[in-house]
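Here the structure comes first, spelled out in structure tokens, and everything after it is commentary.
In each ligand, atom 1 is the first atom listed, and ligand 1 is the first ligand listed.
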Amino acid sequence: MSHRFSVISVAPPDSILGITEAFNADPNPAKMNLSVGVYKDQSGQTPVLKSVKAAEKKILENEVTKGYLSIDGLPAYRDDVRNLVFGDSIAADRVAVLQTPGGTGALRVAADFMRTQLPGVRVWIPNPTWANHPAIFSAAELPVETYRYLGDDRTSLDLDGMLGALREKARPGDAILLHGCCHNPTGIDPTPEDWKQIAAVVAEKNLLPLIDFAYQGFGDGIEQDALGLRTILDHVDEALVCTSFSKNFGLYSERVGAVSLVASSADECSAALSQLKCVVRTNYSNPPRHGGAIVATILADAELTELWKQELEEMRLRITNLREQFVRQMESTGKGYDFSFLLRQKGMFSYSGLSAMQVDELKSKHGIYIVGSGRINVAGMSETKMDAFCEAVASVMS
Ligand code: LMR
């Protein structure tokens, strides 16, 4: 009997999550995983936030059903997403929000919606970007184009290069993927002034902004991090926004996200929502309840909201401290290792400038795992392992 699966070839490991698989298999007791974007506290744990624990307790006490949610998810959660992302900058009837399984789920729903409802659309993604972006759009059979993002120094945004490429090559109706804040993998964000220029080109070329907003609260603060997105929406009246609460609520494994569609009128918004619901129904039917219920429970309670904001602020500040500590310690070797550009980067990641060979050597000689592009998850560093980490980085650079 012939085996049909015998012809299937082995896919390469995922360029981010595959590293954790290799890390888990490594017997080295001194190993460090600074690859996947997950926050770890001083003890190396990815903690459950106190606000989340308290909300879960309330949910457990009060939950009366495990019945299906509607296709677009919990109403209170959807209102929360709308408030966090848009504030009161857009009339509620122009925004459709659907709860999704994580930010990745949101991106895939957005991608399938664009392919089915916006014929001919191409998606412009920055170079570099999160490795899963091109994979998601290709899986949805959308044509992908790249625009320049990083300058030749690899430490700054090449705004002129980016806008020049879009002006020259993007077609009206194309979508442009923008990272709302804490650009992944570089941590290099546009300034408020840059956002105005980006928004002007998006409007001039009639592009559809598709904003990946996975790190709200990790850059400069919850409200501050929404500035870029809101600047874009001052210039255009249509957009798609993909939110994730994996990082800012620490709800990674609960898969809590949302896709929000902004339309120019309430009627257009309702029609688009009906199509988004078809995408969801034929994919995962309706979202899981628990993660969304946690977010909604926290944000419905003033004390829990305050606690969550404090916990998020603590994570943000600790990442900033770790970044500073790394830069200072590398400088103090006296060997001319200048990583001060890291201090201008925002969010969980640092784009270190380490080459693929140096990344390999970190792994093979020191058991330190980072992403092939040289991206380091600063949020995974620890004060106690900083010496060992800096020594390893110095050794692969010498
Ligand atoms: C990352 O970039 O490490 C995170 O967004 C996690 C992931 O799914 O890749």
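Clustering of Ile, Leu, Val, Met, Phe, Trp and Tyr side chains at separations under 4.5 Å leaves Leu60 isolated, with no partner residue.
Side-chain contact annotation: Ser35 with Asn377, donor-acceptor N/O pair under 3.5 Å absent. Using modelled atom types and a 3.5 Å distance limit, the side chains of Asp267 and Ser265 yield no donor-acceptor pair. Defined by atom type and a distance below 3.5 Å, a donor-acceptor pair is missing between the side-chain atoms of Ser352 and Ser350.
Within 4.0 Å of ligand 1, protein heavy atoms belong to Ile16, Val36, Gly37, Trp130, Asn184, Tyr215, Lys247, Phe349, Arg375, listed by chain and number.
Aromatic ring pairs are classed by plane angle as parallel below 30°, tilted from 30° to 60° and perpendicular above 60°; the pair Phe349 and Tyr215 is perpendicular.
Taking a cutoff of 4.0 Å between a charged side-chain nitrogen and a carboxylate oxygen, Lys58 and Asp301 qualify as a salt bridge.
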